2 protein chains.
Amino acid sequence: MSDTEVEQTQRFKVGELTVEAGTPILTEGANSAQLFTVLSGMGIRHTTLENGRRQVLTFILPGDLIGLQGAVMGEMGHSVEARTRMRLCVFDRAALWDFFKNAPARAYDLTWIAATEEHFLGEALATLGQRTAEQAVAWALVRLWQRGVALDLVENNSMPLPFRQQDLADALGLSLVHTNKTLAKFRTKQIASWRDGRLTLTDIDELSRIGLVDEQKAVRRPLL
Amino acid sequence: MSDTEVEQTQRFKVGELTVEAGTPILTEGANSAQLFTVLSGMGIRHTTLENGRRQVLTFILPGDLIGLQGAVMGEMGHSVEARTRMRLCVFDRAALWDFFKNAPARAYDLTWIAATEEHFLGEALATLGQRTAEQAVAWALVRLWQRGVALDLVENNSMPLPFRQQDLADALGLSLVHTNKTLAKFRTKQIASWRDGRLTLTDIDELSRIGLVDEQKAVRRPLL
DNA sequence: GTTTTGCTATGTCACAGTTAAATGCGGGTT
DNA sequence: AACCCGCATTTAACTGTGACATAGCAAAAC
């Protein structure tokens, strides 16, 4: 971001917020008055069907924008929940329109962010629809790993991954048992190990091959 | 759209284009110089995995915007293909930035459109992940029906649906055979009938109940 | 008129993944 | 020390869906 862009963004920033793990940040169906950029910490976006089943839409990592959908559509289509303590930069929704009028470069970035989220959801849709369970778990770990690399979260072939196995299962439309078995298989084969809230990759090439990921770098996207 | 908005949009319109059924409009991986609004006709957005399997991301209906993702991200993450003859309103990608500078209201609508697409993909993801095959097919038919109603395409409880069963199967991550069997079940139960390129709904309430759809109206969104 | 092609329809069998239940472990609480 | 809770792990039984094969039909091509 250029100095001008930082200044423009700072003008719409209301403040910062810290939430503890487990805190609901946004609620499906509610009308939210704020958007947030994630400064640190991790969380999930999820939605619940009438049959009580939960779908995790995306895992939230630092740099992600939260709440744009509700801001422009008037009502949140999903909920957002913290999985660790999170620090958030808070933006006022009412200022969104001023943002478009006074900072077109930043507004363009917002559309870019929305398009990137859409692209990722499309990739996830293709995963659920056309990858097997093993391929899907591999795909998810590779994608999370790539984000971790981009965020400089990786040390000694390991990065924090403070989610539950049920979270990954609900993201991929798998049962908890099958997800557990698949992760055990990767651990046994010494490809990847996820335990104690950390992901360790031993063989990124093999995991990418299993997940049918062409190992392109994480998609470039702006921050708000 | 107000008169001013129409004028602003018209200034970025390059022209109109008619494509025949089967024509690829945008290609995954390519860099596209244009965006399109669908004036008439139908198509599909799809992507193909390394294993050769095809995922249909969305069905394209009149009013949809095509190519925004490629325009802001620099490269199309999926392909777009006409399923019938389609008339498209063509916008120049190079003019997108001017759009943001000179018509903030229209730029805001673009972000709104992107957020709406994202919301739909989230709902589709939840369908693939947490609905059974029967529930998924019912969900898809209800959502297509609702769009048909909003577009005034429905006559005598019937609307055009010029897609193949393989398209729906690939949208829901199901096999063609299973999709065929499920559609047959709906026909036998006299809930819905899809044949000869037309969808006829006999019992929208029952289909909604099966599909776990709360029958809210189609999400409101702007046009470009 | 015949053949080919694309799509839809149907039957059968196999299995990838689900469901239900039980167990183990570590951390927190009493 | 004992108990409780949340999460991970494991096992067994089950099934929804996929794969395969075959057939029918209409339109297009020859």
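Since the structure is predicted, the reported quantities are computational estimates derived from the model, not experimental observations. Protein chains get the first letters and strands the later ones, always in sequence-line order, with residue 1 at the start of each.
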Q | OP1 or OP2 of dT9(D) under 4.0 Å from side-chain N/O of Asn180(A) | A | yes
Q | Polar contact flag, side-chain donor to acceptor under 3.5 angstrom, Thr47(A)-Glu28(A) | A | yes
(Q) With a 4.0 Å cutoff (strictly under), does any side-chain N or O of Arg187(A) reach OP1 or OP2 of dT9(D)? (A) yes
Q | Length of the line joining Phe163(B):CZ and dT8(C):P, which is rounded to integer Å | A | 13 Å
Q.
Considering only residues two or more places apart or on different chains, which pairs with a residue in residues 171-183 of chain B satisfy salt bridge (Lys or Arg N to Asp or Glu O under 4.0 Å)?
A. none
**Q.** Spacing between Trp194(A) atom CH2 and dA8(D) atom C1', to the nearest angstrom
**A.** 11 Å
**Q.** Atom pair distance, as rounded to whole Å: CG in Leu172(B) and C1' in dT17(D)
**A.** 13 Å
**Q.** Rounded interatomic separation in angstrom, taking CD from Gln165(A) and P from dC25(C)
**A.** 16 Å
Q) Can you name the salt bridge (charged side-chain N to carboxylate O under 4.0 Å, His left out) partners of Arg209(A), sequence neighbours left out? A) Glu206(A)
Q. Considering residues at least two apart in sequence or located in another chain, which fulfil the side-chain contact (heavy atoms from CB on, under 4.5 Å) criterion with Ser193(A)?
A. Arg187(A), Arg195(A), Thr200(A)
Q: Using the test ring pair (Phe, Tyr, Trp, His ring centres under 6.0 Å), find all partners of Trp139(A) that sit at least two apart in sequence or belong to another chain.
A: Phe120(A)
Taking only nitrogen or oxygen atoms into account, show me every contact under 3.5 Å that the protein makes with nucleotides 13-19 of chain C, one pair per line with its distance.
{"unit_1": "dG17(C)", "atom_1": "OP1", "unit_2": "Ala133(A)", "atom_2": "N", "d": "2.9"}
{"unit_1": "dG17(C)", "atom_1": "OP2", "unit_2": "His178(A)", "atom_2": "NE2", "d": "3.4"}
{"unit_1": "dT18(C)", "atom_1": "OP1", "unit_2": "Gly173(A)", "atom_2": "O", "d": "3.3"}
{"unit_1": "dT18(C)", "atom_1": "OP1", "unit_2": "Ser175(A)", "atom_2": "N", "d": "3.2"}
{"unit_1": "dT18(C)", "atom_1": "OP2", "unit_2": "Ser175(A)", "atom_2": "N", "d": "2.8"}
{"unit_1": "dT18(C)", "atom_1": "OP2", "unit_2": "Ser175(A)", "atom_2": "OG", "d": "2.8"}

Q.
For dT8(C) and Gln166(B) - does any side-chain N or O of the residue sit under 4.0 Å from the phosphate oxygens OP1/OP2?
A. no
Q: Please list all pairs passing the ring pair (Phe, Tyr, Trp, His ring centres under 6.0 Å) test where one or both residues lie in residues 152-184 of chain A, with sequence neighbours left out.
A: Phe59(A)-Phe163(A)
